[in-house]
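Below: the structure, in structure tokens.
Throughout, protein chains are lettered first and strands after them, A, B, ... in sequence-line order, and every chain is numbered starting at 1. Just the heavy atoms: all of them, side chains too, but no hydrogens, waters or symmetry mates, feed the values below.
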Number of protein chains: 2
Amino acid sequence: MGAEAKRAEEWADVTPDAARRLVTAAVQAFAERGYHATTTRDIAGRAGMSPAALYIHYKTKEELLYQISGVGHRLALDILRRAREGDGSPAERLAEAVRTFVRWHAEHHTTARVVQYELGALGEEHHDEIVGLRRDSDAAVRAIIEDGVATGDFDVPDVRGTTLAVLSLCIDVARWFSADGKRTPGEVGELYAGLVLRMVGYAGQE
Amino acid sequence: MGAEAKRAEEWADVTPDAARRLVTAAVQAFAERGYHATTTRDIAGRAGMSPAALYIHYKTKEELLYQISGVGHRLALDILRRAREGDGSPAERLAEAVRTFVRWHAEHHTTARVVQYELGALGEEHHDEIVGLRRDSDAAVRAIIEDGVATGDFDVPDVRGTTLAVLSLCIDVARWFSADGKRTPGEVGELYAGLVLRMVGYAGQE
DNA sequence: CGCGAAGGTGAGCAAGCGCTTAGGGTGCGG
DNA sequence: CCGCACCCTAAGCGCTTGCTCACCTTCGCG
């Protein structure tokens, strides 16, 4: 599947077609240059429209960012929630969480870059809502680690700090990952899952 | 030492006084809002000058960012080089590298945020130069890890990938660290040093 | 066919941007 | 005391920005 097809699928439930084209164009532009350095003319141009057409579908440029950030954060949270609620040992669930979370950040690194590094550009209300979703993500990972500590599989002196570090490590993949690097998203996910199991002091076979 | 005094000391070798005031003002503004969202009027205002005064000391706004980025990267590289060339076992040197590198990112999180997350705003030439410094940082950390693998103290299947992950973990501290959080820079450094030793499979007493 | 809703355009407004220019203190060597 | 180098300001230039407005097309439906 080509990069363009993947982008289209990712935003499949944004309708109508013109709005979706605007979102995908905005994601690319924001990821390349950052929110503030991107102009509405650039977004509209990439979507094949005049600058004015943008405002038929979105009230402001910030609302476009909010849409992207909202969808992205809910997707990321879903990944972590599914891993937490899965069956298997804490180690298996933590590894699965990291594997899929990291793979998403690598595979959709353009979207992820916007989602993770442009929240400061959101308006106050939108920002607060997104921060809530981020707290939920933190809680999901922390729950898995706490499970592992309870069963004695993990050895973690500072659960909150370690949770923070694990999430931070995974999120930062969006910053450095490049599609033309030598690692595939799957390989990075696998590498990171192993590293995180070590961070929580899991002594099982690797 | 107050936050302001610490900022002044950090940029002590930028002269004359007016230029230093501009740099510290720019660091604060860039860290709060990002490079592109910051205006030259804002920077000059924080430094207590008229907008035109900025251009007596710096040719462009980008040159200010370049100055900040250059000084910051050289400082970070120094920290890692000193740790690599220090004496002690690989584990001690790696722990020291992470401890001081992380503490710097937490203590100077405003500067670090600009240094680590605004390089995309640099002009092409400046960008290339800074990327060179970052490669050197990577090499310094990798050297310590390779030492540990050679002595058998570390167990690292993928040295390049693990180096990348360790640096990524430390750098991202600049994004989430807040001065009014409950952890001190020293505590975060200590926590992270322990986590990194686990990541490289160090089995020594912790 | 007539018509209204939906989705688009070209032109352009007010505001704010990075940066320049002409000129005004201020202090220091001769 | 002069003159000059240095640092600074007020004003503003040319341009780009986010966004609006008057108007045009396309199309499903009675």
Side-chain angles (χ1 to χ4, degrees), chain A residues 8 11 13-69 114 118-127, chain B residues 8 11 13-69 114 118-127:
Chain A
W11 303 99
D13 47 350
V14 176
T15 52
D17 176 73
R20 180 171 48 252
R21 261 158 48 221
L22 282 169
V23 171
T24 58
V27 166
Q28 284 185 268
F30 291 163
E32 276 173 31
R33 312 212 219 293
Y35 174 82
H36 287 292
T38 300
T39 69
T40 54
R41 283 162 177 81
D42 181 19
I43 298 170
R46 288 179 197 238
M49 314 184 200
S50 76
L54 193 152
Y55 293 90
I56 296 165
H57 302 281
Y58 295 93
K59 274 208 295 282
T60 63
K61 177 176 141 185
E62 191 264 356
E63 200 175 77
L64 250 172
L65 177 63
Y66 172 60
Q67 160 102 269
I68 294 165
S69 202
V114 177
E118 300 288 344
L119 32 165
L122 287 168
E124 199 174 347
E125 254 180 67
H126 290 162
H127 181 86
Chain B
W11 302 98
D13 48 350
V14 176
T15 52
D17 177 73
R20 180 170 48 251
R21 261 157 49 222
L22 283 169
V23 170
T24 59
V27 166
Q28 284 186 267
F30 290 163
E32 277 173 31
R33 313 213 218 293
Y35 174 81
H36 287 292
T38 300
T39 69
T40 54
R41 283 164 177 81
D42 181 19
I43 297 169
R46 288 180 197 236
M49 314 184 198
S50 76
L54 193 153
Y55 293 91
I56 295 164
H57 302 281
Y58 295 93
K59 273 209 297 282
T60 62
K61 176 176 142 186
E62 190 265 356
E63 200 175 77
L64 250 172
L65 177 63
Y66 173 60
Q67 160 103 267
I68 294 166
S69 202
V114 178
E118 302 287 345
L119 38 163
L122 287 168
E124 199 174 346
E125 253 179 70
H126 290 163
H127 181 86

When rounded to the nearest 0.5 angstrom, what is the spacing between [atom1] in [X] and [atom2] in [Y]?
X     : Y      : atom1 : atom2 : value
B/I68 : B/E118 : CD1   : CD    : 9.5 Å
A/R21 : A/H57  : CZ    : NE2   : 8.0 Å
B/W11 : B/L22  : CH2   : CG    : 12.5 Å
A/K61 : A/T38  : NZ    : OG1   : 6.0 Å

Within residues 33-45 of chain B, residues whose heavy atoms come under 4.0 Å of DNA chain C: B/T38, B/T39, B/T40, B/R41
Nucleic acid contacts - residues 60-69 of chain B versus DNA chain C, non-hydrogen atoms under 4.0 Å: B/T60, B/K61
Residues that B/D13 engages under salt bridge (Lys or Arg N to Asp or Glu O under 4.0 Å), provided they are two or more places apart: none
Which residues share a ring pair (Phe, Tyr, Trp, His ring centres under 6.0 Å) with A/H126, sequence neighbours left out: A/Y66
For [X], enumerate each residue passing the side-chain contact (heavy atoms from CB on, under 4.5 Å) test, keeping only those at least two apart in sequence or located in another chain.
X      : answer
B/A52  : B/S50
B/S69  : B/H73, B/L122, B/I130
B/A121 : B/Y35, B/H36, B/L65

Length of the line joining A/K59:NZ and D/dC21:P, which is rounded to integer Å: 15 Å
Who passes side-chain hydrogen bond (donor to acceptor under 3.5 Å, both in side chains) against [X], sequence neighbours left out?
X     : result
B/R41 : none
A/Q67 : A/Y58
A/E32 : A/R46

Nucleotide-resolved protein contact map, nucleotides 3-10 of chain D, B/S/- at heavy-atom distance under 4.0 Å: -----BBB
First and last nucleotide of DNA chain C, 5' to 3', lying under 4.0 Å from heavy atoms of chain A: C/dG8 to C/dG12
